[in-house]
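Residue numbering restarts at 1 for every chain, and letters A, B, ... go by the order of the sequence lines.
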There are 2 protein chains.
Amino acid sequence: MSGLVLHGYWRSSASYRVRLALELKGIAYRQVTHDLRLGEQSAPDYLALAPHGLVPALEHDGRVLIESPAILEWIEARWPSPPLLPADPDAAAVVRAMAALVACDIHPLNNLRVLQALRDDLGAGEDQVQAWIARWIHAGFAALEALIARHGGTFAYGDSPSLADCMIVPQVYNARRFQVPLDAYPRLVACDAALCALPAAAAAHPDRQPDAQP
Amino acid sequence: MSGLVLHGYWRSSASYRVRLALELKGIAYRQVTHDLRLGEQSAPDYLALAPHGLVPALEHDGRVLIESPAILEWIEARWPSPPLLPADPDAAAVVRAMAALVACDIHPLNNLRVLQALRDDLGAGEDQVQAWIARWIHAGFAALEALIARHGGTFAYGDSPSLADCMIVPQVYNARRFQVPLDAYPRLVACDAALCALPAAAAAHPDRQPDAQP
């Protein structure tokens, strides 16, 4: 047992990214779940661990890591095998660019706190929220589809899973949840299916988590 | 001359991040500017380089890198000295977490295309846009202030500049531009001042760029 404790939430796509990386590398971890719908990520004891009040956080040896892109890089550095980043810096830059397209250009605009702010602060109706979600997913997925056409294979980059897939699969899950049509992105959909077919990735799926709701 | 060509825009904070890293490492580069207010980042010749239609992009040896977090990591891998990431993975995870707090939790919500969408798609007025900007800056800066209290020194992490500072300084520039009060973040403001006092960082400032407007 590695002693790792993952603080997360079944439907948090940032938590799902970290579960994917841990499972793909075969690293054991324990989960502590925080119900985002009840605001449990803002409880004082969680804020003492993670001052930004967001999941996931990863505890190890009395330390706490936050922010999924930083956690993924840390996992890669501590457990290099199987690699989720190519050794060549140019190739790694492509994988990290695909990952950032999700982590910086799509997901931040569509997470729970932001959608709630659209409703509460700007009075957005559900149709407007849905259009907002779809707008950023389409912009990002169109770019990812072009990058996968250049660099992809079975997976988003070449023929083995990478950190790009760990970012893409939760975002595709989100897109389906929000009923955003994916017909324009056949390569992206194929990469998602390839990763999800791996038993390790299947174990990371939201529906398989201890706090999953029917 | 390294042969590097940076595609950017003077006021793009993601471009500013890359300029800071290049200048801090003393790497020569040439700039090609794209006026975001005129939509030049969506011109076909730029989309052929960078399919996501965002700046910055960094050309080298006929290859094109996109997404500033990926570009910063690539610069660090290719020119390791002076380092902008600690060698220890635990320490690097803190630096990357601070960087991601800006790159994933603040900046994506406040960039030009998103503010325009708030106005155009949701009918937000300027007061609402201003409140939206301030909301996410305050949430992120409060968390950064707590992290700097734990890990900072002269700079955001310890006593030498890191990728965290390369992310923070452009975000502080943005906050001032949008007149968000920073009194609650004295450590963050001190780190910003420490980096900006370095001649290399000063050369990266938006006002010093070839396309700067008065």
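Counting heavy-atom pairs closer than 4.5 Å to chain B, the top residue among Ala99(A), Pro51(A), Ala139(A), Ala143(A) is Pro51(A). The residue among Ala124(B), Ala92(B), Ala97(B), Gly140(B) with the most heavy atom pairs within less than 4.5 Å of chain A is Ala97(B). Heavy-atom pairs under 4.5 Å with chain B peak, among Pro89(A), Ala77(A), Ala146(A), at Pro89(A). The most heavy-atom pairs under 4.5 Å with chain B, out of Gly125(A), Ala131(A), Ala142(A), Ala117(A), come from Ala117(A).
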Requested in this report: Go through Val94(B) and Leu65(A) one step at a time and tell me if the side chain to side chain contact (heavy atoms under 4.5 Å, CB included) criterion holds.
Outcome: CA-CA 7 Å; Val94(B) 176; Leu65(A) 309 177; 5.6 Å; no
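Taking each heavy atom of Ala103(A) and Cys104(B) in turn, the nearest pair found is O-SG, 3.5 Å.
Residue Ala93(A) touches chain B through both its backbone and its side chain, counting heavy-atom pairs closer than 4.5 Å. Proximity to chain A is absent for every atom of Val64(B), based on heavy atoms less than 4.5 angstrom apart. Leu54(A) touches chain B through its side chain: at least one heavy atom from C-beta onward sits under 4.5 Å away, while N, CA, C and O do not. Residue contact with chain A, scored on non-hydrogen atoms closer than 4.5 Å, is absent for Ile71(B).
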Taking only distance into account, so ignoring hydrogens and angles, what donor-acceptor contacts under 3.5 Å exist between chain A and chain B?
| from | atom 1 | to | atom 2 | distance (Å) |
| --- | --- | --- | --- | --- |
| Ala48(A) | O | Arg150(B) | NH2 | 3.0 |
| Arg63(A) | NE | Asp90(B) | OD2 | 3.2 |
| Trp74(A) | NE1 | Asp90(B) | OD1 | 2.7 |
| Arg78(A) | NH1 | Asp90(B) | OD1 | 3.2 |
| Asp90(A) | OD1 | Trp74(B) | NE1 | 2.7 |
| Asp90(A) | OD1 | Arg78(B) | NH1 | 3.1 |
| Asp90(A) | OD2 | Arg63(B) | NE | 3.2 |
| Asp105(A) | O | Arg113(B) | NH2 | 3.1 |
| Arg113(A) | NH2 | Asp105(B) | O | 3.1 |
| Asp121(A) | OD1 | Arg135(B) | NH1 | 3.4 |
| Asp121(A) | OD2 | Arg135(B) | NH1 | 2.6 |
| Arg135(A) | NH1 | Asp121(B) | OD1 | 3.4 |
| Arg135(A) | NH1 | Asp121(B) | OD2 | 2.6 |
| Arg150(A) | NH2 | Ala48(B) | O | 3.0 |

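Looking only at side-chain heavy atoms (C-beta outward), Pro69(A) and Pro69(B) stay at 4.5 Å or farther from each other.
Here the CG-CD1 distance, from Leu147(B) to Ile66(A), works out to 5.0 Å after rounding to the nearest 0.5 Å.
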